[in-house]
> 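Handing you this structure, nothing more for now.
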Amino acid sequence: MANCKPQKKVLLLCGDFMEDYEAMVPFQALEAYGIAVDAVCPGKKAGDCCRTVIQDSGAYHGYQTFTEKLGHNFSLNANFDEVDFSKYDGLLLPGGRAPEYLAINESVLDCVRKFSDSGKPIGSICHGHLILAAAGSVKGRKCTALHALGPVLIDAGAHWIEPKTRMDCVADGNIITGVIYRAHPEYIRLFVRALGGKVTGSDKRILFLCGDFMEDYEVTVPFQSLQALGCHVDAVSPKKKAGDICPTAVHDFEGDQTYSEKPGHNFILTASYEGLDASTYDALVIPGGRAPEYLALDETVIALVKEFMQSRKPVASICHGQQILAAAGVLKGRKCTAYPTVKLNVVLGGATWLEPDPIDRCYTDENLVTGAAWPGHPEFVSQLMALLGIQVSF
């Protein structure tokens with residue numbers, strides 16, 4: 001789908017220290033569905049970066065509020081000053097700390113008002129609602145958000161909907177609001193629906209093979225992208241059960257000889273590894289990061305991967321995930337790409353190496369989808385969708 005002519009065009013309004021997931025997940029999910037997304041920021045141009053923050057539950061540490069640390073660097077692909085708002089079908093507002101200062105930028109507020117007045121869909125999550133409030137776009141509208149934003153929204157004239165969970169979303173006319181990034185599956189689904197999208201073939205069950213310090217984007221972007229389509233998606237990890245945490249790693253490209261690493265979000269597993277019945281799933285996804293180095297030594301993991309490959313069910317693996325495929329002996333005679341430093345594993349595993357040039361290039365060989373790194377998620381997810389028979393149409 002990502003190779004097809006875009007069916008819709010959406011504007012993503014960015015700023016420094018926006019929340020990491022709240023920018024990248026909808027950005028890459030929508031692109032995977034065949035929707036063009038332009039990411040812009042006032043005062044910046046295409047090719048510039050916005051730094052992001054990782055905001056996670058402080059409850060893990062006994063804090064009264066969320067924690068914050070540096071995330072990935074998010075690359076913009078369009079110029080804010082050159083945007084013709086009439087050419088876009090919808091607007092997305094990520095949360096984080098960026099909305100605090102974007103909400104006092106008159107050019108930003110003018111942008112939001114144009115979308116609001118036109119009746120085009122506006123999706124806002126977490127602190128993105130500050131921009132909606134400043135633009136006067138929530139007056140008389142039902143909105144939900146983090147509890148801390150309730151007083152602001154009420155003062156702005158919104159009809160406040162108390163969130164029961166952090167996965168809650170509310171749609172009122174063209175305004176879609178979500179609590180935090182955990183609401184992405186419903187948030188993205190509602191936004192696609194507001195754009196006129198229809199999803200078919202999504203009655204699939206998909207399993208994610210997780211581990212400590214898997215790459216942050218490489219688990220959550222495909223995980224929530226598939227959930228947003230209506231798939232049942234489970235995440236498991238050896239020796240862990242449903243509700244347990246896998247810490248993630250942020251791997252980024254910052255001019256060094258290799259990628260840098262920072263601590264990422266805490267990813268919550270949805271199912272228990274022990275007693276897992278792989279036959280009940282239609283596909284397997286293997287994120288990259290550092291987890292595959294040790295998961296490849298686990299005989300139960302090797303058996304799980306072999307079961308999926310031998311049954312010819314779709315298997316999608318990205319970045320260092322191919323270390324597990326090589327250890328399982330399932331790459332013989334296959335065509336495969338991976339992160340360049342994993343080439344040795346792939347070649348010694350008996351596969352024909354496919355150069356990841358550019359780095360977002362992904363390939364499908366029969367039931368196997370492989371990608372080199374998280375910039376390739378739109379291709380990675382769309383190629384897996386194609387194998388599963390899932391389509392988004394307008």
> Could you check if a side-chain atom of Q391 sits within less than 4.5 angstrom of a side-chain atom of K198, using non-hydrogen atoms only?
no
> Check whether D168 reaches the backbone of T165 with its side chain - one donor and one acceptor, N or O, closer than 3.5 Å.
yes
> The test is side-chain hydrogen bond (donor to acceptor under 3.5 Å, both in side chains); show your working for T258 and D256 and say whether it passes.
CA-CA 5 Å; T258 187; D256 303 303; over 6 Å; no
> Apply side-chain contact (heavy atoms from CB on, under 4.5 Å) to V315 and V330, showing your working.
CA-CA 11 Å; V315 174; V330 298; over 6 Å; no
> Side-chain contact, heavy-atom cut-off 4.5 Å: R205 with T280?
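Contact flag for R205/T280 side chains = yes.
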> Is a side-chain N or O of Y187 found less than 3.5 angstrom from the main chain of G123, in a donor-acceptor match?
yes
> Ignoring hydrogens and geometry beyond distance, is a side-chain donor-acceptor pair present between S107 and N105 at under 3.5 Å?
yes
> Residues sharing L344's hydrophobic cluster, by side-chain heavy-atom contacts under 4.5 Å among ILVMFWY, directly or via others?
L348
> What pairs with K306 under salt bridge (charged side-chain N to carboxylate O under 4.0 Å, His left out), at least two apart in sequence or on another chain?
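Partners of K306 by the salt bridge (charged side-chain N to carboxylate O under 4.0 Å, His left out) criterion come out as none, since no residue qualifies.
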> Would you kindly confirm whether I54 and F223 end up in one hydrophobic cluster when ILVMFWY residues are joined by side chain heavy atoms under 4.5 Å apart?
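In one cluster: no.
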> Counting C-beta onward and ignoring hydrogens, is there a side-chain heavy-atom pair between L12 and P94 closer than 4.5 Å?
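Answer yes - side chains close enough.
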> If you define the side chain from C-beta out and look only at heavy atoms, does anything of L304 sit under 4.5 Å from L207?
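SC-SC contact between L304 and L207 confirmed.
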> Between S124 and H129, is the side-chain hydrogen bond (donor to acceptor under 3.5 Å, both in side chains) condition met? List the steps.
CA-CA 6 Å; S124 177; H129 308 347; 2.7 Å; yes
> Test N174 against R141 for side-chain contact (heavy atoms from CB on, under 4.5 Å), laying out the working first.
CA-CA 10 Å; N174 65 317; R141 297 299 191 94; 3.0 Å; yes
> Could you give the side-chain donor-acceptor pairs of residues 34-44 under 3.5 Å, partners two or more places apart or in another chain?
residue, atom, partner, partner atom, Å
D38, OD2, Y88, OH, 2.5
K44, NZ, D16, OD1, 2.7
K44, NZ, D16, OD2, 3.1
K44, NZ, C49, O, 2.7

> Kindly indicate, with the supporting measurements, whether the criterion side-chain contact (heavy atoms from CB on, under 4.5 Å) is fulfilled by H251 and E218.
CA-CA 10 Å; H251 285 173; E218 289 173 6; over 6 Å; no
> Specify the closest pair of heavy atoms between P375 and D360, including all atoms of both residues, with the distance to one decimal.
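So the minimum-distance heavy-atom pair works out to O-CB, 3.5 Å.
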> Identify, with sequence neighbours excluded, every residue that meets salt bridge (charged side-chain N to carboxylate O under 4.0 Å, His left out) alongside D110.
K114
> When you look at CD of E355, are more than 12 heavy atoms from neighbouring residues, nucleotides or ligands closer to it than 6.0 Å?
yes
> Which label fits Y339 and F253: parallel for a plane angle under 30°, tilted from 30 to 60°, or perpendicular past 60°?
parallel
> Any heavy-atom pair between the side chains of T352 and D365 that's under 4.5 Å?
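Side chain of D365 against side chain of T352, heavy atoms only: no contact under 4.5 Å found.
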> Specify the closest pair of heavy atoms between H127 and P99, including all atoms of both residues, with the distance to one decimal.
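The pair with the smallest heavy-atom distance is O-CB, 3.1 Å.
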> Do F308 and I302 belong to the same hydrophobic cluster, where Ile, Leu, Val, Met, Phe, Trp and Tyr are linked whenever their side-chain heavy atoms lie under 4.5 Å apart, directly or via other members?
no
> Check the pair M24 / H377 against side-chain contact (heavy atoms from CB on, under 4.5 Å), numbers first and verdict last.
CA-CA 10 Å; M24 187 58 85; H377 277 147; 5.7 Å; no
> Take atom CZ in R334; do more than 12 heavy atoms of anything else shown fall under 6.0 Å from it?
yes
> Do H72 and D252 have side-chain atoms, one donor and one acceptor, less than 3.5 Å apart?
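Per modelled atom types, H72 and D252 side chains form no pair under 3.5 Å.
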> Hey, are Y273 and T300 close enough side-chain-wise for a donor-acceptor pair under 3.5 Å?
yes
> Only one of D56, T220, V25 forms a side chain to side chain contact (heavy atoms under 4.5 Å, CB included) with Y181, so which one is it?
D56
> So, for S86 and D84, which heavy atoms are closest and what is the spacing to 0.1 Å?
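Shortest heavy-atom contact: OG-OD1, 2.6 Å.
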> Ignoring hydrogens, what is the shortest heavy-atom contact between I359 and P340? Give both atom names and the distance.
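Shortest heavy-atom separation between I359 and P340 comes out as CD1-CD, 4.1 Å.
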> Do the side-chain N and O atoms of D234 and T270 include a donor-acceptor pair separated by under 3.5 angstrom?
yes
> Look at the rings of Y21 and Y217 and say which category their plane angle falls in: under 30° parallel, 30 to 60° tilted, over 60° perpendicular.
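Tilted.
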> Taking only residues two or more places apart in sequence, or in another chain, which ones meet K69 in a salt bridge (charged side-chain N to carboxylate O under 4.0 Å, His left out)?
none
> So, for K313 and S279, which heavy atoms are closest and what is the spacing to 0.1 Å?
NZ-O, 3.2 Å
> Do P238 and V301 make a side-chain contact, defined as non-hydrogen atoms from C-beta onward lying under 4.5 Å apart?
yes
> Do H184 and E22 have side-chain atoms, one donor and one acceptor, less than 3.5 Å apart?
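The answer is no; no qualifying pair exists.
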> Quick one: closest heavy-atom pair of V346 and L331, and the distance?
CA-CD1, 4.2 Å
> Do F74 and C14 come close enough that some side-chain heavy atom pair is under 4.5 Å?
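The answer is yes, as the side chains (C-beta and beyond) meet within the 4.5 Å cut-off.
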> Examine distances only and state if a side-chain atom of E19 and a backbone atom of G95 form a donor-acceptor pair shorter than 3.5 Å.
no
> For E254, check salt bridge (charged side-chain N to carboxylate O under 4.0 Å, His left out) against everything at least two apart and list the hits.
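For E254, the residues satisfying salt bridge (charged side-chain N to carboxylate O under 4.0 Å, His left out) (neighbours in sequence not counted) are K262.
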> So do the side chains of W374 and V221 get within less than 4.5 Å of each other, counting heavy atoms only?
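No; the side chains remain at least 4.5 Å from each other.
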